[in-house]
Q: 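First the structure, which I've put down as structure tokens, then a few questions once you've had a look.
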Amino acid sequence: MLLLRYLTAFLLLSAVLMSCSENSPGNKVDSSKDSNNPTDTSSDPNPDSSDIGPDGSDSSPGGDSDSDTDIDSDSDADSDADSDSDGDSDGDSDGDGDADSDADSDVDADSDADSDADGDTDSDSDSDADSDSDGDADSDSDGPTQEEIMEKIWGPYAPPEEYNDPGPYAESFQKSLYFFDVNMSGIGVTGGRLQWRGNSEVTDYAVPLFCNGKVPRESNCTDMSEEYINKYIHIFDPDGIGTINVGGGFHDCGDHVKFGLPQAYSASMLAWAIYEWTDAFIASGQAPHALDILKRFTNYFLRSTFREEDGRVIAFCHQVGNGSIDHTFWGPPELQKAEDFPRPAFFATEENPASDVTSAASAALTLASMVFRPLDEKYADKCLDYGTALYEFARKYSGNDISEDLADGEGEGVRNPDKDLVADTGGYYTSEYDDDDLAWAAIWLAIATGDDKYVDHITHVEGDQYTGYLGRIMESTEDGWYNAWAHCWNTVWSGMFLKLAQVTGDEKWTKIAVDHVNLWAGLDGDRGVTPGGLSFLSGWGSLRYNVAAQMTAMTWGKYVDNPAYAAWADTQIRYIWGDNPTGKSYIVGFGDEWHTHIHNRAAHGSTKDNSLRIPPTPSHVAWGALLGGPDGDDSYKDDIWEYAYTEVCIDYAASLVAAMAGLYANFAMDDKGVGEAPLENFPPLEPEQLEYWVEGRLGQNDDMITEPKLIVHNETVHPPHLNPNLSIRYYVDFSEFIEAGQTLDDIRLQLTYDGRSVDNGMLNSGDGKPTIVTGPVPYDEANHLYYYEFAFTGCKFYGSIPLEFQLQAARIGSDNASYYMDGSNDYSAQGLEEGKDSLHVVTENVTMYSDGELIWGVEP
């Protein structure tokens, strides 16, 4: 009965999604073939490189060479106790409530490449040879249109052929997806949708398995015991390379840690939005972008799941990075070095289960399987298979005391509140218990498979006691429950009850769902509202709760055909857009004005060691980022240090995308299903910026000594990158020495300050080695023009490095002999200020090179 009830509603509400699927959902794949074996390269000689799609986006690693196509389209909840040195709260928790697809061949949506059986890159109706009547080498037809290309690659998710005029719903929806591009981790980022983001944390693709005596939480290694690794070494490291691949995924907020619960929540929220509001994603043209993001999530979860040959999960990587270490760095993610800021990998295993985060990842994969099914049946099967396996692992090692013979889900255990096997995150994103996450995973498995047992896992009763997951919040069947919180990373009861009510039709679950959405929408109950009209729950990241509540309210409103919920959500999004007491938008890059000082390292683009004030405003626009939001009195602190207000996170972003999808469906689509048009040629390219240059001044400058004081800059932004091949040249005119009868042997160069020799692990730091000095080298020997070259070969620095030296002249003659130093005629000294109080000025007369190629300045 469950399957029948659900399919009836699902076919009516998601006709587009289901009508495109020729095969029934829930087909199992052979888990022995798909189990995580990071070195299984039987069909991919370079599994790591397969992470990079032709557009630079992340695609499934380990993909085989079959004809299935990838779907790449183109190209904290925070802790009040966090007081790390840079003052940020990047990986926060306030207690608020390569085993990837075999189906990857990385087809780019900008390509007209054909994936038909003949293997060519043309349409089946085309021949490489000319067959037109005029006999020339060109086809008489214009070839496939862009719409036809997109339809071929994206199938039912292809953008529409027509739009109405642009509007705010389409613009906000479109931009909301881009924060995920801001916070991408791993390879396949360079060359993507944002020119200022590049590959980062590439060491995550090869984390050492063993710590070899080092402290796991503080080192570049896994937290698994040596005994456990050795027990399953045939899975973790069959080729004996000593590392494990957990690369990819997304940064959390302003930091660069990959935290499990918010990442799994974000993925499930995005997948849920696509599932519930499929038509909105298609009509707005945002489906390809959204699916790219979703697949980066699912690829990461698949890659992070390790399974024995019988298919059971033996390990799941739920976190990469240590918040306490990571938060001591403030700078672009591309430049954070694992050798200075270790990135340990934390695993849920049989020894240390984490049923909260493993079941959360299960929900995300199960949801994604239904989203991907119309596009890629094989990949959908894999997501469902892994989602099921993770759920079984979480259920076996959960707060429910389930015996081995019941771990397959066929029976029930007895709830044990003292056995909460939740993830150890180092104090960030701490979860009180796992029951809500298990229930969230179970309801989606029920929907994806049609199997009633998963609902029974949630609602099971023995006598008058709930022994299923609901026993956490309702001990007796006589109990009710009033949900005053919101759907978020730490509690997903709201969405669970919504779906449980829809699937079962049970009045008890319906009442809980209705009471919740009515409370938020102001239809019943006493939800707090700010003077400016914002439905308000908590002051830390207030808007993330609000937009999540918009999603749940509009989803319920869709099922009961009540427009009041969407009408309420519309008032809330307009507040967020700028109809609020500050007069500014809380979505970065949207509206006439927005709050600018966001707490995000990538967007800020600092070039100075741990400085949140340089530059004074962000270097880049973090398009679509949802700010934390105001207090209950509508007040807001637009300050990068005030991270409770200004931080931006992927869980905020996922909830905003979900809300925008519902709003677009309700207010931006006409009766024919045609919607507002997205912005064209978005995002705009940033203007070219000065990336390499030299500043200088002269300290002492007399007939004895010339003392250049230089600052060498590498401030690349498109994207930021470390360049180990930099050098500079300082040009000197030795005419006065030659005329006085001296030789070059009478000149001595002494480094008085070598910035490269300083290594403190920060941006404006060298590698602890001396700068390589060469010279004097003839440049124009006839005119006595020479240069000294200062090479930083092998040194990966960013920002600026100081370099100071002295040119000293030897005396000529006896006691009354003279010096013949004259720095004023040196080519590189022209325009430099002199003296103790002189200031550095930009100079083009000191030239800069990358691997010998001139990149700054003008040679004499």
Q: Name each donor-acceptor pair under 3.5 Å that joins a side chain in residues 718-727 to protein atoms two or more places apart or in another chain, with its distance.
A:
unit_1: H718; atom_1: NE2; unit_2: E686; atom_2: OE1; d: 2.8
unit_1: H721; atom_1: ND1; unit_2: P719; atom_2: O; d: 2.9
unit_1: H721; atom_1: NE2; unit_2: Y692; atom_2: OH; d: 3.4
unit_1: N723; atom_1: OD1; unit_2: N725; atom_2: N; d: 2.9
unit_1: N723; atom_1: ND2; unit_2: Y692; atom_2: OH; d: 3.2
unit_1: N723; atom_1: ND2; unit_2: S850; atom_2: OG; d: 3.1

Q: Please check if the side chain of T743 supplies one atom and the backbone of D745 the other of a donor-acceptor pair under 3.5 Å.
A: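 Here the side-chain-to-backbone pair exists.
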Q: So E736 and N825, side-chain hydrogen bond (donor to acceptor under 3.5 Å, both in side chains) or not? Walk me through it.
A: CA-CA 9 Å; E736 69 273 18; N825 68 341; 3.0 Å; yes
Q: Less than 4.5 Å apart, any side-chain heavy atom of S800 and any of K608?
A: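 A side-chain contact under 4.5 Å exists here.
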Q: Between D767 and K337, is the closest basic N to carboxylate O distance under 4.0 Å?
A: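 No, no charged N to carboxylate O under 4.0 Å.
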Q: Counting only heavy atoms not in K796, do more than 12 fall under 6.0 Å of its NZ?
A: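 Not more than 12 within 6.0 Å, no.
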Q: Can the ring centres of Y645 and W540 be said to be less than 6.0 Å apart?
A: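 No, they do not, as the ring centres are separated by 6.0 Å or more.
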Q: Using a strict cut-off of less than 4.0 Å between a Lys/Arg side-chain nitrogen and an Asp/Glu carboxylate oxygen, indicate whether D292 and R193 qualify as a salt bridge.
A: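 R193 and D292: salt-bridged.
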Q: Let's go through Q263 and Q319 carefully: what are the C-alpha distance in whole Å and the side-chain angles of both, what is the deciding distance for side-chain contact (heavy atoms from CB on, under 4.5 Å) to 0.1 Å, and is it a yes or a no?
A: CA-CA 9 Å; Q263 190 146 205; Q319 179 174 320; over 6 Å; no
Q: Give the intermediate values and the outcome of side-chain hydrogen bond (donor to acceptor under 3.5 Å, both in side chains) for residues S185 and E201.
A: CA-CA 6 Å; S185 174; E201 298 87 41; 2.7 Å; yes
Q: Tell me whether the centres of the aromatic rings in Y730 and Y787 are closer together than 6.0 Å.
A: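 Between Y730 and Y787, the centre distance exceeds or equals 6.0 Å.
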Q: Please say which of Q336, H327, H251 ends up in a side-chain hydrogen bond (donor to acceptor under 3.5 Å, both in side chains) with H256.
A: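 So the option named by the test is Q336.
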Q: Minimum heavy-atom separation for N199 and T190, please, with both atom names.
A: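 Reported closest heavy-atom pair: N-OG1, 2.9 Å.
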Q: Answer yes or no: is there a donor N or O on one side and an acceptor on the other, between the side chain of S635 and the main chain of D631, under 3.5 Å?
A: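 Such a contact is absent between S635 side chain and D631 backbone.
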Q: Give me the one residue out of D255, N183, D326 that meets side-chain hydrogen bond (donor to acceptor under 3.5 Å, both in side chains) with R601.
A: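 Option passing the side-chain hydrogen bond (donor to acceptor under 3.5 Å, both in side chains) with R601: D326.
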Q: Answer yes if the ring centres of Y788 and F805 are under 6.0 angstrom apart, and no otherwise.
A: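 Distance test on ring centres: not under 6.0 Å, no.
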Q: Answer whether the closest heavy-atom distance between the side chains of Y731 and N845 falls below 4.5 Å.
A: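 Y731 vs N845: side chains apart.
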Q: Taking all heavy atoms of D733 and all of N783, pick out the closest pair and write down the distance.
A: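 Answer, listing the atom of D733 first, then N783: OD1-O, 4.0 Å.
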Q: Where do V648 and I598 come nearest, in terms of heavy atoms and distance?
A: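 The pair with the smallest heavy-atom distance is CG2-CD1, 4.2 Å.
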Q: Go through the structure and list residues passing side-chain hydrogen bond (donor to acceptor under 3.5 Å, both in side chains) with Q700, not counting sequence neighbours.
A: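 Listed in chain order: D702.
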Q: Does any non-hydrogen side-chain atom of I855 lie less than 4.5 Å from one of Y849?
A: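 Result no, sub-4.5 Å side-chain heavy-atom pair not found.
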Q: Test side-chain contact (heavy atoms from CB on, under 4.5 Å) on Q808 and R748; report intermediate values, then the result.
A: CA-CA 5 Å; Q808 301 175 352; R748 184 166 66 93; 2.3 Å; yes
Q: So, does D780 use its side chain to make a donor-acceptor pair with the main chain of H784 at under 3.5 Å?
A: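 No, because the side chain of D780 does not come within donor-acceptor range (under 3.5 Å) of the backbone of H784.
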Q: Could you go through D204 and K258, starting from their C-alpha distance and side-chain angles, then the distance that decides it, and tell me whether this counts as salt bridge (charged side-chain N to carboxylate O under 4.0 Å, His left out)?
A: CA-CA 10 Å; D204 291 358; K258 297 185 295 196; 3.0 Å; yes
Q: What are the two closest non-hydrogen atoms of G857 and T847, and how far apart are they?
A: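 Smallest heavy-atom distance, with atoms named: C-CG2, 4.0 Å.
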Q: Does any donor atom in the side chain of S172 or W577 lie under 3.5 Å from an acceptor atom in the other side chain?
A: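 The answer is yes; a qualifying pair exists.
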Q: Short question: side chain of H604, backbone of P615 - any donor-acceptor pair under 3.5 Å?
A: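 The answer is yes, because a donor-acceptor pair under 3.5 Å joins these two groups.
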Q: Measure the shortest side-chain to side-chain distance between I587 and W594 over non-hydrogen atoms and say whether it is less than 4.5 angstrom.
A: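 No - every pair of side-chain heavy atoms lies 4.5 Å or more apart.
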Q: Between H289 and F180 (judged by ring centroids, cut-off 6.0 Å), do the two rings come close enough to count as a pair?
A: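 Ring centres of F180 and H289 not closer than 6.0 Å.
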Q: Under a 4.5 Å cut-off applied to non-hydrogen side-chain atoms, are L807 and I705 in contact?
A: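 L807 vs I705: side chains apart.
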Q: Tell me whether K637 at atom NZ has more than 12 heavy atoms from other residues, nucleotides or ligands lying less than 6.0 Å away.
A: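 At most 12 heavy atoms, drawn from other residues, nucleotides or ligands, come within 6.0 Å of this atom.
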Q: Locate the shortest heavy-atom distance separating W623 from P683; write the atom from each residue and the value.
A: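 Of all heavy-atom pairs spanning W623 and P683, the closest is NE1-CB, 3.7 Å.
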Q: Taking salt bridge (Lys or Arg N to Asp or Glu O under 4.0 Å) as the test, write out the residues that go with D759, two or more places apart.
A: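 Salt bridge (Lys or Arg N to Asp or Glu O under 4.0 Å) list for D759, sorted by chain: empty.
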Q: Given 3.5 Å as the limit, does a donor-acceptor pair link the side chain of S219 with the main chain of P216, or not?
A: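 Between the backbone of P216 and the side chain of S219 there is no qualifying donor-acceptor contact (under 3.5 Å).
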Q: Can you tell me how far apart CG (D822) and CG (N701) are? Round to the nearest 0.5 Å.
A: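 Reported to 0.5 Å precision, the distance equals 7.5 Å.
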Q: Side chains of V841 and R697: closer than 4.5 Å at any heavy-atom pair?
A: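 No. Closest side-chain heavy atoms not under 4.5 Å.
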Q: Treating S585 as the side-chain partner and F590 as the backbone partner, does any N or O pair qualify as donor plus acceptor under 3.5 Å?
A: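 Looks like yes, one N/O pair under 3.5 Å.
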Q: Should the pair E334-R197 be classified as a salt bridge under the 4.0 Å nitrogen-to-oxygen rule?
A: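 The answer is yes: the pair qualifies as a salt bridge.
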Q: Do the ring centers of Y779 and Y827 come within less than 6.0 Å of each other?
A: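 Ring-ring flag for Y779/Y827: false, centres at least 6.0 Å apart.
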Q: Got a donor-acceptor contact below 3.5 angstrom from the S606 side chain to the S611 backbone?
A: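 Pair found, side chain donor or acceptor close to backbone of S611.
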Q: Going through the checks in order, is the side-chain contact (heavy atoms from CB on, under 4.5 Å) test met by Y205 and T243?
A: CA-CA 8 Å; Y205 293 89; T243 63; over 6 Å; no
Q: Heavy-atom distance under 4.5 Å between the side chains of F797 and R756, does that happen here?
A: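 SC-SC contact between F797 and R756 ruled out.
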Q: Between the side chains of E171 and K175, is the shortest nitrogen-to-carboxylate-oxygen separation below 4.0 Å, so that they form an ion pair?
A: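 Yes, charged N to carboxylate O under 4.0 Å.
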Q: Which atoms form the tightest heavy-atom contact between S824 and Q830, and what is the distance?
A: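 Scanning both residues completely, I find the closest heavy atoms to be O-NE2, 2.8 Å.
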Q: Do Y786 and V777 come within less than 4.5 Å of each other through their side chains, counting heavy atoms only?
A: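 Result no, sub-4.5 Å side-chain heavy-atom pair not found.
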Q: Would D754 and K769 satisfy salt bridge (charged side-chain N to carboxylate O under 4.0 Å, His left out), going step by step from the backbone distance to the final call?
A: CA-CA 9 Å; D754 184 1; K769 300 177 181 179; over 6 Å; no
Q: So does G583 get a backbone contact from the side chain of N580, meaning a donor-acceptor N/O pair under 3.5 Å?
A: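 Judged by distance alone, yes, a pair lies under 3.5 Å.
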Q: Hey, is CD on E853 packed in by over 12 heavy atoms from elsewhere, all under 6.0 Å?
A: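 No, the 6.0 Å shell around CD holds no more than 12 heavy atoms from other groups.
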Q: Ring centroid separation for W330 and H599, is it under 6.0 angstrom?
A: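 Yes: the rings meet the under 6.0 Å criterion.
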Q: Which is it for H595 and T582 under the side-chain hydrogen bond (donor to acceptor under 3.5 Å, both in side chains) test, yes or no, and what are the steps along the way?
A: CA-CA 9 Å; H595 299 285; T582 73; 3.1 Å; yes
